[in-house]
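We use all heavy atoms of the structure for the numbers below, so side chains are in, but hydrogens, waters and symmetry mates are not.
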Amino acid sequence: MSNRSILKGIPSAAGDLVWRIGEAELGFRPAGIWNSSPSIRNFTGFYELPHTVTLGTTFEMQESASRFSPPPFAVAVRDEAAKRRTLLNIAAERGHHLFATATFAADAEGVTVTVELEGHSDPETERDFIRLELTEAVESESNLELLKRGLALAYPEASAPKKKYDWWRLPIFCAGGAGGAFAFHLFGPGGEARCMPFATEWMVQRNLDILKSVDMPIGSVIIDCGWSPGGLWKPHHGYWPDLKGWIAKKHQEGIKVILWLGLWFTEGLPDKWCLMANPNGKLQYWDPLLNKDTFIDTDKPERFWADAGNPEYLEFVAQQIRELVSPDGYDADGFKIDMLQMTPCERFAQGREHWDKPLKVLPKTHPKTVSGAKWGVELLYDLQKTIHDAAKSVKPDVLVNSSTGHPYFHDTFDMLRLHDTCHIDADTNVYETMAERARLSRAALPAHEIDTDNWIHSYYDKWMDYTLNSYKLGTPCLFFTDYFVTSFTENPAACPIPRDDLRKLAANWRKVLNLK
């Protein structure tokens, strides 16, 4: 076969696009499949066949737990002798990434690739815009090098140089982790959402004072989830009585301020700016107090997601963003975009009012009653692009930080966050887990900066090791100050962080980053 081929999908009876790739297209019989996104246990090798890989924007992809939403919709297959490999990559034209999930079902006869349009677009039309690209490996290429080459062929614009600013490379302090650890220290084990009441001026300032006392070189601070309502990005007055004045003081100290934005939440929005869904029966809720699922009977429409297909809503988003970064508004310096995994999806329909509200989950067979011409990845692209463009129109050096690890999103953000660690046990090599995500991000978006993240929990020594060395992967980040989260379920839920350890981190970062 040639080095690269581009194939059209076939509409299925279910309304999806399907490709069946066999020996004729591959030039060999497949004997293993590689997922470009590491698994929840950081498995990065080839799976034995038969095996199905599901990729998408949701929380539920256990074999794609890098938490990029979306990751590249790409896998590789190899022959039995492991001498030949081919990348299978789903690509689409601008405006036609009208799906949230895709599956690659591989067996010894070939691979069935399915793009799930979920009833929101016509497969007969979309087969002219959504394609499957096959790129054959050369002998010396690693899997990630093959991925990088294949993605660059499909999305060449993502490799173009980006304008960058020096402050983007200075260490980040994300206050949400420290707030959560303090809550665990006070109240014992519980859910991660307990960090939200500590997203306050006094708590963030307290932690910055601790870091200043050990000479920690912090270039920016992220005010994490809880500083605002879910759908209205305005400071809670009781938490931030003078956010503008506080940001001005940080600027005088040489510290930039980044605000957390949780996407898709409906709190504070009118119904007309929300995607509604009718469960037509039982609606599943996650009850954080009971720590289990509960069910209620309802036949009324439910608000599930903010409607990024609504031009009125997008203009409202742009207006909020401009006010947050404008010197005449709050004068913030950037945004941490989060909760991408809540992107509208029929197969994994999950919605919330806000991050601390119980999760609503529709049955897998719920009627497709949500509306809008766009769907899935395209809704996420439009929402993130709106945030990016509105911010840049006011302040060119504003930093937009996100975990959209797909080259299609190259013009919607500046820095790719490696996101939370998902599964940590005694055998987990945290640095290598995050390093694999960094390698994946450079393959998909080589021009973007990397936020190394720091939401490491349970194993203090692993956190210290990773934090000391994270600068090797990108911009170092710090989540904790005086307490560290040791358990979500058992006491002690937090342990104190010795100041000498903070001084060690500070001295190391100053040395390796050549900071005074």
Side-chain angles (χ1 to χ4, degrees), residues 37-44 59 65-68 171-185 189-195 198 207 210-211 214 216 218 220-222 224-225 260 336 338 341 401 403 405 415-441 450-490 492-506 508-509 512:
S37 185
S39 76
I40 196 168
R41 294 182 180 273
N42 201 41
F43 179 73
T44 59
F59 283 115
S66 61
R67 306 300 289 274
F68 294 165
I172 301 168
F173 169 57
C174 182
F182 191 70
F184 277 51
H185 160 67
E192 189 178 344
R194 61 177 46 192
C195 69
F198 292 90
N207 286 309
I210 291 172
L211 297 178
V214 297
M216 188 71 71
I218 296 300
S220 61
V221 55
I222 296 174
D224 218 325
C225 55
W260 182 87
K336 171 186 172 180
D338 202 1
Q341 298 92 341
N401 177 319
S403 295
M415 177 179 283
L416 196 153
R417 181 167 66 96
L418 298 185
H419 220 293
D420 311 342
T421 52
C422 300
H423 177 88
I424 305 175
D425 58 27
D427 298 325
T428 303
N429 184 327
V430 171
Y431 179 84
E432 183 54 33
T433 295
M434 304 302 273
E436 188 65 19
R437 295 185 189 181
R439 290 188 282 268
L440 172 57
S441 76
I450 291 176
D451 169 5
T452 58
D453 208 280
N454 197 238
W455 186 232
I456 317 297
H457 54 79
S458 303
Y459 293 88
Y460 183 82
D461 290 346
K462 294 177 185 291
W463 169 74
M464 271 294 294
D465 175 72
Y466 177 68
T467 308
L468 280 167
N469 292 286
S470 59
Y471 71 92
K472 299 174 185 176
L473 306 180
T475 299
C477 186
L478 182 67
F479 267 47
F480 304 108
T481 56
D482 51 350
Y483 290 96
F484 173 80
V485 175
T486 54
S487 176
F488 292 98
T489 58
E490 299 177 1
C495 69
I497 297 176
R499 290 296 169 90
D500 283 348
D501 281 356
L502 288 181
R503 293 187 182 95
K504 180 179 179 181
L505 289 172
N508 180 67
W509 281 1
V512 298

Please give me the minimum heavy-atom distance between [X] and [Y], naming the atom from each residue.
X: Ala181; Y: Val485; result: CA-CG2, 3.7 Å
X: Phe198; Y: Ala183; result: CE1-CB, 3.4 Å
X: Pro38; Y: Leu440; result: CD-CD2, 3.9 Å
X: Met434; Y: Asp453; result: CE-CB, 4.2 Å

Pairing of Asp427 and Arg41 as salt bridge, 4.0 angstrom limit | no
Approximate separation, where rounding is to 0.5 Å, of [X] [atom1] and [Y] [atom2]:
X: Tyr431; Y: Asp465; atom1: OH; atom2: CG; value: 9.0 Å
X: Ser441; Y: His419; atom1: OG; atom2: NE2; value: 13.5 Å
X: Arg439; Y: Thr44; atom1: CZ; atom2: OG1; value: 8.0 Å
X: Phe173; Y: Met216; atom1: CZ; atom2: CE; value: 9.5 Å
X: Thr467; Y: Ile456; atom1: OG1; atom2: CD1; value: 7.0 Å
X: Ile40; Y: Arg67; atom1: CD1; atom2: CZ; value: 8.0 Å

Please check if the side chain of [X] supplies one atom and the backbone of [Y] the other of a donor-acceptor pair under 3.5 Å.
X: Ser470; Y: Pro476; result: no
X: Lys336; Y: Ile222; result: no
X: Ser403; Y: Phe68; result: no
X: Asn454; Y: Phe479; result: yes
X: Lys462; Y: Ala426; result: yes
X: Trp509; Y: Ile218; result: no
X: Asp451; Y: Met415; result: no
X: Thr486; Y: Ala493; result: yes
X: Arg417; Y: Asn401; result: no

Modelled atom types, side-chain donor and acceptor of Thr428 and Asn42, under 3.5 Å =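 Result is no, nothing qualifies.
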Please test Asp420 against His457 for side chain to side chain contact (heavy atoms under 4.5 Å, CB included), starting from the C-alpha separation and ending with a verdict.
-> CA-CA 10 Å; Asp420 311 342; His457 54 79; over 6 Å; no
Answer yes or no: is there a side-chain heavy-atom contact under 4.5 Å between Met464 and Leu468?
-> yes
For residues Lys472 and Val512, determine if any side-chain heavy atom of one lies less than 4.5 Å from a side-chain heavy atom of the other.
-> no
Steps toward side chain to side chain contact (heavy atoms under 4.5 Å, CB included) verdict (Ile172, Ser220) | CA-CA 5 Å; Ile172 301 168; Ser220 61; 3.5 Å; yes
For Tyr466 and Thr452, what are the C-alpha separation, side-chain angles and deciding distance, and is it a side chain to side chain contact (heavy atoms under 4.5 Å, CB included)?
-> CA-CA 10 Å; Tyr466 177 68; Thr452 58; 3.3 Å; yes
Validation: residues 494-503 side-chain donor-acceptor distances under 3.5 Å, sequence neighbours left out:
from: Asp500; atom 1: OD1; to: Arg503; atom 2: NH1; distance (Å): 3.0
from: Asp501; atom 1: OD2; to: Tyr460; atom 2: OH; distance (Å): 2.6

In this structure, which one of Trp455, Phe182, Phe184 forms a ring-ring contact (aromatic ring centres under 6.0 Å, His included) with Phe480?
->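 Of Trp455, Phe182, Phe184, ring-ring contact (aromatic ring centres under 6.0 Å, His included) with Phe480 is met by Trp455 alone.
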